[in-house]
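Working notes for the structure below.
Below, chain A is the first sequence line, B the second, and so on; all start at residue 1.
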Amino acid sequence: LAIQSNSQKDKMRIKIFIPFFICSLVFIFIAGCRKNESFYYADPDAPALDIFSNKGNNVMSCYVDGAPYESTARNTGGFLSPGNTELVIERQRTNSPLDTLTITWTIEINKNFSTERYFGLALPIPKNFVFSDLSLFNGQRLVIDSTNGYFFFGNDPYYSLFQRGKGVIYFNTAKFDSTNNGYQGLMSGLFEASINSMQISSGRFDDGITNTQVRF
Amino acid sequence: MKRTLPLLLIIIALFPKSSFCQIFIEPFAGYQTDMNNTKTKLLNTGLQLAIKIRKYEFLVQLQKNWPRSFNYVDSSYTTNTSLPLNAAAMKTIRTSSFSFAIGNRIKIAGKKTKNSFFLKVYTGIMYQKMGVSYQYDKTNYILLNPDKTEEKTGFFVSGGLEYMRQFSFGRLFFDLNFSSPPTGNFKYNESYNLMAPLSLSIGYSIKLSKR
């Protein structure tokens, strides 16, 4: 009778365990699901860089002193896991007559987290500047000479600690709009920069813009 | 072509020369326009084996589109302020394809005359290649939305209408045929699509066996 009783208890435990195990697997699967929104297409003319495109591939790549850097993958995030964006467009309000607009990409070498860096552009903007005014950059090749803005590069999330330099940026596409649902847009282009002794070359970017990328 | 042509000859050799059916060999050639890429115009040639059993004809077809180059102008850009912002990039796309198909030829009009109309339906395997090359200043400029060479093999279906004229020494036919692209998609942002050829061909049907 004792043996029979133990056997029944084991069966009971298994009956409880199996649904619990299946539910756990399903939960882990759902929680871990992420939708990748970055599309990488290798450029045959620039080893380890991505093509220059204007289709919203959500990718930026460039050489930093010859080393190929690529933006981190944009993804939507899962049930419990946060999403990630390779790009942030941010307005930094100041007490001076001009605010600062920063366009910052998070980049890394060969998807290696330990090589993660921040690269971007800071531009002075008037107080009455609105998000859709960014469309004025469409088709413009801007020389950034440290007086009208600067490029920055660093491995620390505090802008004040970034190294600053000059360069050129060309906006092939700059379409920005704000609707009732928030921000949307597309920007693509090329850049070259010189930051202290560091040379950033063959830069190209192609990013779709949603609310996630904008902190205006 | 080198592999499938002997296969076709083996089929001819092995097929019983009985009084039950007639066998025709049908070389054909024609002109193709691509419904998915309007600029692409190709010359096609092929060889077809037709096995006629009473009023029904079973077809085995090999077809090749001869490679042709088409030129396009794309854009390249630079951040070098001493150079013009953009410059033309000459793009050449060289297209070719090859297919092996089996099909049916069904007479729809002209049962008792020398002039007949047929409905033709094929299914088979198609290989397509789009070879892409560029000419531009690679030192100073960067291409916008570059294409790359693609190859694809997949299943396809095609169908069309055929006019045929009977002669004492064979059959002459004109064929209008539309083909689907091979199954599958590119994993790349190409500016072109897989070819979906609409072809107009002329061919001659030579009888190999007599009933």
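Neither the backbone nor the side chain of Tyr141(B) has a heavy atom closer than 4.5 Å to any heavy atom of chain A. For Asp206(A), no part lies near chain B; criterion is any non-hydrogen pair under 4.5 Å. At a 4.5 Å heavy-atom cutoff, Ser75(B) makes no contact with chain A through either its backbone or its side chain. Of the two parts of Phe39(A), neither the backbone nor the side chain holds a non-hydrogen atom closer than 4.5 Å to a non-hydrogen atom of chain B. Only the side chain of Asp45(A) comes within less than 4.5 Å of a heavy atom in chain B; its backbone stays farther off.
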- Item | side chain to side chain donor-acceptor pair (under 3.5 Å) evaluation trace for Glu86(A) with Thr106(A) | CA-CA 5 Å; Glu86(A) 84 290 0; Thr106(A) 309; over 6 Å; no

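Between Lys111(A) and Glu70(A) there is a salt bridge, since at least one side-chain N of the basic residue sits less than 4.0 Å from a carboxylate O of the acidic one. The existence of a salt bridge linking Glu108(A) and Arg117(A) is excluded, since no basic side-chain nitrogen approaches an acidic carboxylate oxygen closer than 4.0 Å. Look at Lys107(B) and Glu162(B) and you find no salt bridge, because none of the NZ, NE, NH1 or NH2 atoms lies under 4.0 Å from a carboxylate O. Residues Asp147(B) and Lys91(B) are paired through a salt bridge, judged by an N-O separation under 4.0 Å between the basic side chain and the carboxylate.
For the options Asn80(B), Thr81(B), Asn86(B), heavy-atom pairs under 4.5 Å to chain A are most numerous at Thr81(B). Per-residue counts of heavy-atom pairs under 4.5 Å with chain B were compared for Arg204(A), Glu192(A), Lys55(A), Arg141(A); the largest is that of Arg141(A). The candidate with the highest count of non-hydrogen atom pairs below 4.5 Å against chain B, out of Val168(A), Ile51(A), Asn57(A), Asn54(A), is Asn54(A).
No more than 12 heavy-atom neighbours from other residues, nucleotides or ligands sit within 6.0 angstrom of CD on Gln135(B).
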